[in-house]
Each structure stands twice: as structure tokens, then as C-alpha cells.
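Here's the structure, in C-alpha cells; my notes come after.
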Amino acid sequence: MSAVPARTRIKFCGLTRPADVRRAVALGVDALGFVLWPASKRAVDVATLAELAAEVPAFVTRVGLFVDAAPELVEQCAPHLDLLQFHGNESPAECERYGRAWIKALRMRDGLDLHREAARYSASSALLLDAYRPGVPGGTGEVFDWSRIPATLTKPVILAGGLTPDNIGRAIHQVGPHAVDVSGGIEAFPGGKESAAMAAFVREVAIANQTRKTTG
Ligand SMILES: O=C(O)c1ccccc1NCC(=O)[C@H](O)[C@H](O)COP(=O)(O)O
């Protein structure tokens with residue numbers, strides 16, 4: 001990353017319940033992710049997406065997660081979303097075809113060249129870096145080796161994978177990401193967020209934001 005951002009932003013992912021959406025908004029979370037991959041334990045359908053999205057006020061970003069989705073599904077969801085997040089093998093052209101802002105999730109398998117991926121997905125708004133587990137496109141709850149993220153990466157980084165209230169301070173100090181993304185680390189069960197854990201995560205990010213050096 002060229003400069004450490006003044007504030008690391010927060011995305012909560014895998015929301016399925018209106019009450020969790022309202023709680024996240026009240027806590028000041030910047031972005032909310034909705035999983036539109038039907039095989040996920042956290043999947044929502046288009047009708048539920050519409051219901052959840054209606055709870056989100058201006059200036060909080062509604063993010064839709066897709067895994068090699070049919071274009072028709074993305075088009076149906078798009079009116080309820082501000083940002084598209086692609087977790088599968090989508091090519092840059094497939095990510096761009098909707099004319100919407102998008103981010104690409106990259107799973108940190110061995111040998112992944114982040115500079116090459118950043119050049120390939122240069123039209124993305126950011127790269128979301130997540131743990132790699134074969135056959136699992138996201139939401140693994142696993143941490144990857146953060147030292148693999150080059151400080152010279154020019155795309156904004158959204159750090160994901162196994163983040164919790166306990167490790168998020170260390171993550172922000174070490175990586176200095178544009179944003180952090182959490183799902184399992186604030187859950188009572190898949191798709192059901194835990195109110196105290198959500199608050200603890202936001203608190204720990206605020207502490208880390210106050211105590212780290214910025215250069216940007
Ligand atoms: O959560 C899922 O089931 C899921 C399925 C398919 C694609 C993405 C999915 N989740 C993405 C996320 O929730 C997060 O962006 C990220 O993977 C972090 O999850 P976690 O390690 O549980 O914090």
C-alpha cells in the first residue's frame with residue numbers, strides 16, 4: 001500500500017437478520033456484506049437482500065458477495081447494492097460487465113503474486129485478501145500469514161480471514177489496511193451476529209486506529 005490510511009474502515013460480512021444490520025449501523029460500521037451464493041450457510045435470497053438493504057442508511061455501503069454467479073442474479077441484486085464483491089474465478093471483464101463499482105476477493109493460496117493480481121484487477125475499487133482453503137470460496141474463519149502482503153501494493157487492501165476482537169488490533173498495526181472484513185469472528189452462529197462481539201470488534205478497531213502511526 002502506498003500510504004497507511006488515516007483510519008482503517010470496517011466491513012461486517014454475512015449478515016442475514018435486520019436486527020444485526022441495525023446494530024451494525026448503530027455501531028458505525030462502514031460496510032455490510034450480504035452473501036448471494038446459495039450454497040453458503042449465510043446465504044440470503046433476493047427478497048431478503050431487499051429487506052436488509054432497506055435498513056441501511058446513506059453513507060453505509062451495501063456489498064453483495066457473488067461466487068461465479070449467473071449474470072441474471074447479479075442484475076437482480078444490483079438495485080439493492082452499492083458495491084459488488086466477487087469471490088470466484090471471475091475474470092476482470094466479468095467483474096466489469098455490470099458497470100458498477102466492484103472489488104475482487106483473492107484467496108491467499110501458495111504462490112499467489114499480489115502485484116500481478118493487482119495489475120490484472122486494476123479496475124477494482126480494492127482487493128479483499130482472504131485465507132485459502134481448497135473448495136471454500138470464503139468465510140473460512142481462518143487467518144493467513146499477513147506478512148505475505150507487500151507494503152508496496154498500490155491497490156487498497158481489505159484484510160479478511162479469521163479476524164476477531166482479539167486479533168484485530170495486531171492486524172491493523174501490522175498491515176495498515178484500508179479496511180478490515182469480519183464474519184465468523186463476530187458470530188453466535190453462521191449468519192447470526194453476536195451483539196457484544198460486534199461492539200468489541202468496533203471498539204478494538206477504534207483503539208488500533210488511535211494508536212498506530214499513519215503516513216498518508
Ligand atoms: O461466508 C460465506 O459463507 C461465504 C461464502 C462464499 C463467499 C464468501 C463468503 N464469505 C465471505 C466473508 O464472509 C468474508 O468476506 C471473509 O471470507 C471473512 O470471513 P471470516 O474468516 O469468517 O471472518
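One-based numbering, in listed order, for ligands and for the atoms of each.
Proximity of Gly162 to ligand 1 is established by a heavy-atom distance of less than 4.0 Å. Assignment of Gly14 to the shell around ligand 1 is not supported, since no heavy atom sits closer than 4.0 Å.
Ion pair Arg62/Asp82 flagged as a salt bridge, since at least one NZ, NE, NH1 or NH2 atom sits closer than 4.0 Å to an Asp/Glu carboxylate oxygen. Salt bridge Lys104/Glu117: absent, no basic N to carboxylate O contact under 4.0 Å.
Under a 3.5 Å cut-off, the side chain of Asp20 and the backbone N or O of Lys193 do form a donor-acceptor pair. Side-chain N or O atoms of Asn209 include none that pairs as donor or acceptor with a backbone N or O of Arg7 at under 3.5 Å. The backbone N or O of Gln76 lies less than 3.5 Å from no partner atom in the side chain of Glu72, so there is not a single donor-acceptor pair. Proximity of a side-chain donor or acceptor of Asp145 to a complementary backbone N or O of Met108 within less than 3.5 Å is not detected.
For atom 10 (N) of ligand 1, the nearest non-hydrogen atom from the set Cys13, Ser40, Ala160, Gly139 comes from Gly139. Of the candidates Ser183, Gly138, Gly191, the one placing a heavy atom closest to atom 9 (C) of ligand 1 is Gly138. Within the set Phe86, Trp37, Phe66, the minimum heavy-atom distance to atom 6 (C) of ligand 1 is found for Trp37.
Close approach to Gly184 involves these atoms of ligand 1, each under 4.0 Å from a residue heavy atom: 20 (P), 22 (O), 23 (O). Atoms of ligand 1 lying under 4.0 Å from at least one heavy atom of Val67, given by number and element, are 6 (C), 7 (C). When each atom of ligand 1 is checked for a heavy atom of Asp130 under 4.0 Å away, the hits are 16 (C), 17 (O). Under a 4.0 Å criterion applied to the non-hydrogen atoms of Gln85, ligand 1 contributes the atoms 15 (O). Atom numbering of ligand 1 starts at 1 in the shown order; those under 4.0 Å from a heavy atom of Gly141 are 20 (P), 21 (O), 22 (O). Atoms of ligand 1 lying under 4.0 Å from any heavy atom of Asp181, numbered from 1 in the order shown and given with element: 14 (C), 15 (O), 16 (C), 18 (C).
For Asp166 and Thr164, the side-chain atoms include no donor-acceptor pair closer than 3.5 Å.
Contact annotation: the side chain of Leu36 approaches that of Val44 to within less than 4.5 Å [non-hydrogen atoms, C-beta and beyond]. Counting only heavy atoms from C-beta outward, the side chains of Leu32 and Lys11 never approach each other to under 4.5 Å.
The protein heavy atom nearest to atom 1 (O) of ligand 1 is Arg42 NH1, 2.8 Å. For atom 11 (C) of ligand 1, the nearest non-hydrogen atom of the protein is Leu65 CD2, 3.4 Å.
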